[in-house]
Amino acid sequence: MRHGQSIPYQEGQPFPLVDGHGDPPLSPRGEWQALRVRDRLSDVPITGIYVSSLTRTHQTAAPLAAHLGIEPIAEPDLREVYLGEFEGGMFRQLAAENHPAVVRMRETGEWGALPGGETNEQLRSRTVGVIDRLAANHADELIVVVCHGGVIAALLGHAMQQPARRYIGARNASLTHVVVHGDAWMLRAFNDAAHTGGLTADHDPPPDL
């Protein structure tokens, strides 16, 4: 699951950092989306909930976790792609201004094109490792992993053996269903946001990363 919408970046007011990553909280719309996720999954036999180290994933998981009586577990390696010098919300502003490094990143699909940014391979390696471990620990179970748009793209690129950029754009609070069986990853659904209005909902911001 991608986290709910976070607050907008205000120029000159960088987000607080957690382990170097921008850490904005959910916006009021994001809090509403978290409640819709709870309603959507309230009767699903979920046995575990995992979140990244960033606030927006904890807040998104909270209503569902409280309803199910499950304590979310933080997995730091599920955090969003590291944006290097563009962290703290600067990426949003520079993306809107078509900064040359952002243009290169868009053209190549390589996060490492950002100055000091994490590479696609680094992102894929750390996130796939988490999912493989969680799948092994939860054989024949259904778990929820609340993470980030860049992480979802990296994981699906791995699952489908395609460039991760093809899966950028998961909507806030959308659901993606992946079955992991040994070394096989099978995609069952992607970007399901029916519970928040689907394609008729207000347009979500670019990957807030």
Side-chain angles (χ1 to χ4, degrees), residues 1-9 14-26 30 50-61 73-135 145-172 174 176 178 180 185 187 190-191 204-209:
M1 181 198 312
R2 188 182 175 200
H3 60 79
Q5 184 188 76
S6 58
I7 63 171
Y9 172 73
F15 297 137
L17 301 179
V18 170
D19 296 329
H21 292 252
D23 192 33
L26 293 183
Y50 294 85
V51 295
S52 79
S53 54
L54 301 176
T55 298
R56 52 198 185 272
T57 63
H58 290 251
Q59 292 178 316
T60 303
I73 298 174
E75 288 282 352
D77 278 343
L78 290 172
R79 66 193 180 280
E80 185 55 290
V81 59
Y82 178 60
L83 302 174
E85 295 178 16
F86 294 176
E87 273 294 350
M90 282 296 297
F91 176 82
R92 299 187 192 185
Q93 177 181 332
L94 296 174
E97 296 172 355
N98 288 318
H99 186 283
V102 177
V103 172
R104 287 195 300 275
M105 181 273 291
R106 289 171 175 159
E107 291 175 346
T108 63
E110 172 55 65
W111 289 111
L114 303 179
E118 186 173 21
T119 68
N120 289 10
E121 178 54 29
Q122 289 169 332
L123 174 64
R124 186 203 67 79
S125 178
R126 70 170 165 85
T127 56
V128 167
V130 175
I131 299 303
D132 277 338
R133 174 165 49 81
L134 295 182
V145 175
V146 186
C147 54
H148 306 266
V151 171
I152 291 169
L155 293 172
L156 295 191
H158 172 79
M160 303 302 291
Q161 296 297 294
Q162 295 179 345
R165 66 191 300 177
R166 296 187 179 182
Y167 300 97
I168 283 289
R171 296 183 67 85
N172 287 123
S174 63
T176 293
V178 175
V180 179
W185 288 42
L187 178 61
F190 170 55
N191 209 12
D204 292 325
D208 53 62
L209 307 166

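The basis for the numbers below is simple: all heavy atoms, side chains too, and nothing from hydrogens, waters or symmetry mates. Predicted model, so just to flag it, every value in this text is computed and none were measured.
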Would you call [X] and [Y] a side-chain contact if the rule is heavy atoms closer than 4.5 Å?
X: His58; Y: Thr55; answer: no
X: Val178; Y: Val180; answer: yes
X: Pro24; Y: Arg56; answer: yes
X: Trp111; Y: Glu121; answer: no
X: Asp23; Y: Leu17; answer: no
X: Met160; Y: Leu187; answer: yes
X: Gln162; Y: Tyr167; answer: yes
X: Arg133; Y: Glu75; answer: yes

What is the minimum heavy-atom distance between Ala101 and Leu114, and which atoms define it? O-CD2, 3.8 Å
Do you know which two heavy atoms are closest between Cys147 and Thr57, and how far apart they sit? O-CG2, 3.8 Å
Ignoring hydrogens and angles, state whether a donor on the side chain of [X] or [Y] is under 3.5 Å from an acceptor on the partner side chain.
X: Tyr82; Y: Gln122; result: no
X: Arg106; Y: Asn98; result: yes
X: His148; Y: Ser52; result: yes

One pair to check against side-chain contact (heavy atoms from CB on, under 4.5 Å): Thr119 and Arg124. What are the steps and the verdict? CA-CA 9 Å; Thr119 68; Arg124 186 203 67 79; over 6 Å; no
Assess the residue pair Leu26 and Ile7 against the criterion (side-chain contact (heavy atoms from CB on, under 4.5 Å)); give the C-alpha distance rounded to whole Å, side-chain angles, the decisive distance to 0.1 Å, and a yes or no. CA-CA 6 Å; Leu26 293 183; Ile7 63 171; over 6 Å; no
side-chain contact (heavy atoms from CB on, under 4.5 Å) between Leu78 and Val51, worked out: CA-CA 7 Å; Leu78 290 172; Val51 295; over 6 Å; no
Mark yes or no for whether [X], through its side chain, and [Y], through its backbone, hold a donor-acceptor pair below 3.5 Å.
X: Asn120; Y: Gly109; result: yes
X: Arg165; Y: Glu107; result: yes
X: Asp77; Y: Gly129; result: no
X: Arg79; Y: Pro76; result: yes

Do Glu110 and Arg104 sit within salt-bridge range, that is, some charged N less than 4.0 Å from a carboxylate O? no
Could you please spell out the steps behind the side-chain contact (heavy atoms from CB on, under 4.5 Å) verdict for His21 and Leu54? CA-CA 8 Å; His21 292 252; Leu54 301 176; 4.0 Å; yes
Centres of the His99 and Phe91 rings: under 6.0 Å? no
Using 0.5 Å steps for rounding, measure from the OG1 atom of Thr127 to the CD atom of Glu80. 10.0 Å
